[in-house]
Each structure stands twice: as C-alpha cells, then as structure tokens.
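Notes follow the structure.
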Amino acid sequence: MIRAQDVSVRLGEREVLSGVGLHVRRGEWTAVIGPNGAGKSTLLKALMGLVRHRGEILLDSRPAATLKPRARARLVAYAPQAPALPPEMTVFDYALLGRTPYIPYLGRESAHDREVTESVLDRLDLGELAMRRVGELSGGERQRVVLARALAQEAPVLLLDEPTTALDLGHQQQVLELVDRLRRADGLTVVTTLHDLTVAGLYADALLLLAGGRAVAAGEPSQVLTEEAVGRHFDAHVKIEPGPDGRPVVHLVRGGP
C-alpha cells in the first residue's frame with residue numbers, strides 16, 4: 001500500500017532524512033520509532049506531500065508525485081501531532097472537515113457527507129459530544145476528535161503522528177485499541193510515530209527505526225527492539241524481554257549511561 005524508496009528531505013541547511021525506505025503492506029500497522037530529531041514526523045509529512053523530498057513514494061502503486069491534493073487526500077488521511085483545533089468549532093463541524101476531498105469547490109457538504117461524519121462520531125463514542133465546542137473537551141476527547149476527522153476521509157491509509165501525546169495511560173490505551181479495532185474492521189493501513197517503544201512493539205506489525213535521519217533497522221518488533229539497538233540509538237541502558245504475548249517489553253535499568 002505504501003512503498004518509499006531513497007526518500008531524503010532537507011529543511012534549511014539540515015538533511016533531516018537521508019535515503020529512507022519504507023514498505024507497508026495493505027492492512028498492516030507500521031510504527032516509526034527513534035530518538036528525538038530522528039526524522040519520524042518528517043517522514044509522515046513526506047508521505048503526505050507536506051514537505052519537498054527526493055526519492056520515490058508510491059501510494060497504492062501510484063506515484064505520489066503525480067497525485068493532485070484531493071486525490072491524495074482520498075488515499076491518505078493524516079492526523080498531525082499538534083493539530084490546530086479551533087476552540088469555538090463544534091465537534092461535528094471539525095470532524096466534517098474530513099469530508100473536504102469529496103465536497104465540490106464552492107459547494108456544500110451533502111447529506112451523505114453528514115451521514116458519514118455522524119457514523120464516525122458514533123463509532124468513536126463522540127455522538128453525544130457532536131454539538132460541544134472543541135475547546136471544552138478533555139485531552140482524550142480531543143485526540144478522538146482528531147482521529148474522527150481523519151476517519152471521515154474514508155481513506156484506506158491512516159498516518160498518525162504521536163497519537164497518544166499528552167494522554168494518560170488509560171486514554172493512551174483507548175486510542176490505540178480504537179485504532180487497532182478500526183484497522184481490523186475496515187482493512188486500514190496504519191503508519192504511526194510512537195515514542196513508547198513497548199507500546200510500539202505491542203500494537204504494530206512492523207517497526208522502522210530511524211536514527212540521525214536514516215533507517216537503521218526494520219522488521220518485526222522482536223527483530224528491531226533489541227538491547228543492542230535501543231542502547232546504541234537511544235543512549236539508554238535497557239533490559240528487553242518477551243511479554244505475555246511474546247512481544248518485546250522494554251525496561252529501563254537504573255544506573256545506566
């Protein structure tokens with residue numbers, strides 16, 4: 001569903017990404033991990049066409065460079081890490097923005113657009129909050145509203161940049177379980193950036209480890225999350241062992257570097 005080859009991005013004088021490759025199969029969840037400044041968010045922006053890049057990106061076997069913005073938005077939905085949420089806008093109207101790729105220029109939303117939006121809000125348990133102003137919501141509710149806007153696009157690919165940022169443990173789990181449930185129900189292809197390595201290994205089918213703007217490891221969580229790799233690229237002293245389901249659990253070890 002996504003194939004990126006030799007993707008490089010320069011922002012100002014800095015090469016943020018250099019020769020990165022990514023292959024995500026249809027219906028797969030891939031988590032992009034790495035230390036701060038590794039280029040994780042920039043990679044998602046390149047996939048979405050929000051930053052200029054070198055290299056080739058294919059979306060559903062189509063060259064991304066040839067896609068017009070509305071066509072790309074029908075293929076890929078993107079939820080940024082810190083979206084602008086107009087505080088006076090209602091939950092329904094904000095989620096309805098996800099239907100923009102289907103609304104004619106100078107036109108208005110159709111009854112179908114409103115039905116899709118209502119259905120998405122109901123699936124996210126936001127139906128009762130539809131007329132609430134976004135500025136009145138809790139952190140967990142706002143994250144779900146951002147997800148609702150992305151899902152209202154009905155795109156087969158979902159890009160989520162740190163979807164659990166600033167959420168407490170319970171809300172983190174709710175958002176991740178929701179994404180996983182929707183992915184399985186609707187066959188979505190999901191790419192997320194995640195800081196928590198254990199969480200990334202728990203939910204994703206595959207991991208891509210970035211460091212210094214380069215891809216240094218890729219594969220199943222148990223292949224990527226090794227003590228040697230985490231110690232080297234995160235400058236951390238860790239113990240990694242299999243959890244109850246066999247997926248790797250990362251523990252910090254006191255007294256490390």
I'd like to check [X] versus [Y] (side-chain heavy atoms, cut-off strictly below 4.5 Å). Are they in contact?
X: T30; Y: L207; result: no
X: L209; Y: H233; result: yes
X: I33; Y: L225; result: yes
X: V116; Y: Y102; result: no
X: L147; Y: L158; result: yes
X: F234; Y: L197; result: yes
X: T164; Y: L176; result: yes
X: V249; Y: I240; result: no

**Report entry** Audit row: R10, V16, side chain to side chain contact (heavy atoms under 4.5 Å, CB included) steps and yes/no
**Finding:** CA-CA 6 Å; R10 177 175 290 274; V16 180; over 6 Å; no

[X] side chain vs [Y] backbone, donor-acceptor pair below 3.5 Å:
X: Q81; Y: D161; result: no
X: E28; Y: V190; result: no
X: Y94; Y: P87; result: no
X: Q143; Y: V175; result: no
X: S8; Y: G19; result: yes
X: K40; Y: P35; result: yes
X: R70; Y: I103; result: yes

Query raised in the report: How far apart are the closest heavy atoms of D113 and T117, and which atoms are they?
Result: O-OG1, 2.9 Å

Report summary line: Taking every heavy atom of A77 against every heavy atom of A155, the minimum-distance pair comes out as N-CB, 3.7 Å

Applying a strict under-4.5 Å side-chain criterion to I, L, V, M, F, W and Y, I'd like to know whether [X] and [Y] cluster together.
X: L121; Y: L96; value: yes
X: V230; Y: Y203; value: no
X: L178; Y: L169; value: no
X: L208; Y: V9; value: yes

Report task. Determine, stepwise, if the pair V134 / D93 fulfils side chain to side chain contact (heavy atoms under 4.5 Å, CB included). Result -> CA-CA 10 Å; V134 171; D93 286 340; over 6 Å; no

Query raised in the report: With a cut-off of 6.0 Å (strictly less than), are more than 12 heavy atoms of other residues, nucleotides or ligands near CD of E136?
Result: yes

Query raised in the report: Counting only heavy atoms not in R247, do more than 12 sit closer than 6.0 Å to its CZ atom?
Result: yes

Validation: residues 49-65 side-chain donor-acceptor distances under 3.5 Å, sequence neighbours left out:
from : atom 1 : to  : atom 2 : distance (Å)
R54  : NH2    : E15 : OE2    : 2.4
D60  : OD1    : R26 : NH2    : 2.8

Rounded distance [0.5 Å steps], [atom1] in [X] versus [atom2] in [Y]:
X: R72; Y: Y78; atom1: CZ; atom2: OH; answer: 12.5 Å
X: R144; Y: E141; atom1: CZ; atom2: CD; answer: 6.0 Å
X: L194; Y: Q172; atom1: CG; atom2: CD; answer: 9.0 Å
X: L44; Y: L160; atom1: CG; atom2: CG; answer: 8.0 Å
X: L126; Y: E128; atom1: CG; atom2: CD; answer: 10.0 Å
X: L159; Y: T193; atom1: CG; atom2: OG1; answer: 10.0 Å

Requested in this report: Go through the side-chain N and O atoms of D122 and S119 and say whether any donor and acceptor fall under 3.5 Å apart.
Outcome: no

Query raised in the report: Is R132 close enough and on-axis enough to F92, meaning under 6.0 Å and within 45°, for cation-pi?
Result: no

Which atom pairs, one a donor and one an acceptor, fall under 3.5 Å between side chains of residues 211-223 and the rest of the protein, sequence neighbours left out?
from : atom 1 : to   : atom 2 : distance (Å)
R214 : NH2    : S18  : OG     : 3.3
Q223 : OE1    : E220 : N      : 2.9

**Report entry** Name of the residue among R149, R74, R99 meeting salt bridge (Lys or Arg N to Asp or Glu O under 4.0 Å) with E154
**Finding:** R99

Report task. Dump the intermediate steps for side chain to side chain contact (heavy atoms under 4.5 Å, CB included) on R114 and E109, then the final yes or no. Result -> CA-CA 7 Å; R114 300 184 70 85; E109 72 275 4; 3.1 Å; yes

Query raised in the report: What's the verdict on side chain to side chain contact (heavy atoms under 4.5 Å, CB included) for R25 and M1, showing C-alpha distance, side-chain angles and the deciding distance?
Result: CA-CA 5 Å; R25 293 185 291 269; M1 195 65 186; over 6 Å; no

Report summary line: Contacts satisfying side-chain hydrogen bond (donor to acceptor under 3.5 Å, both in side chains) that involve residues 178-191 (not counting sequence neighbours) are R123-D186, D180-R183, D180-R184, R183-D205

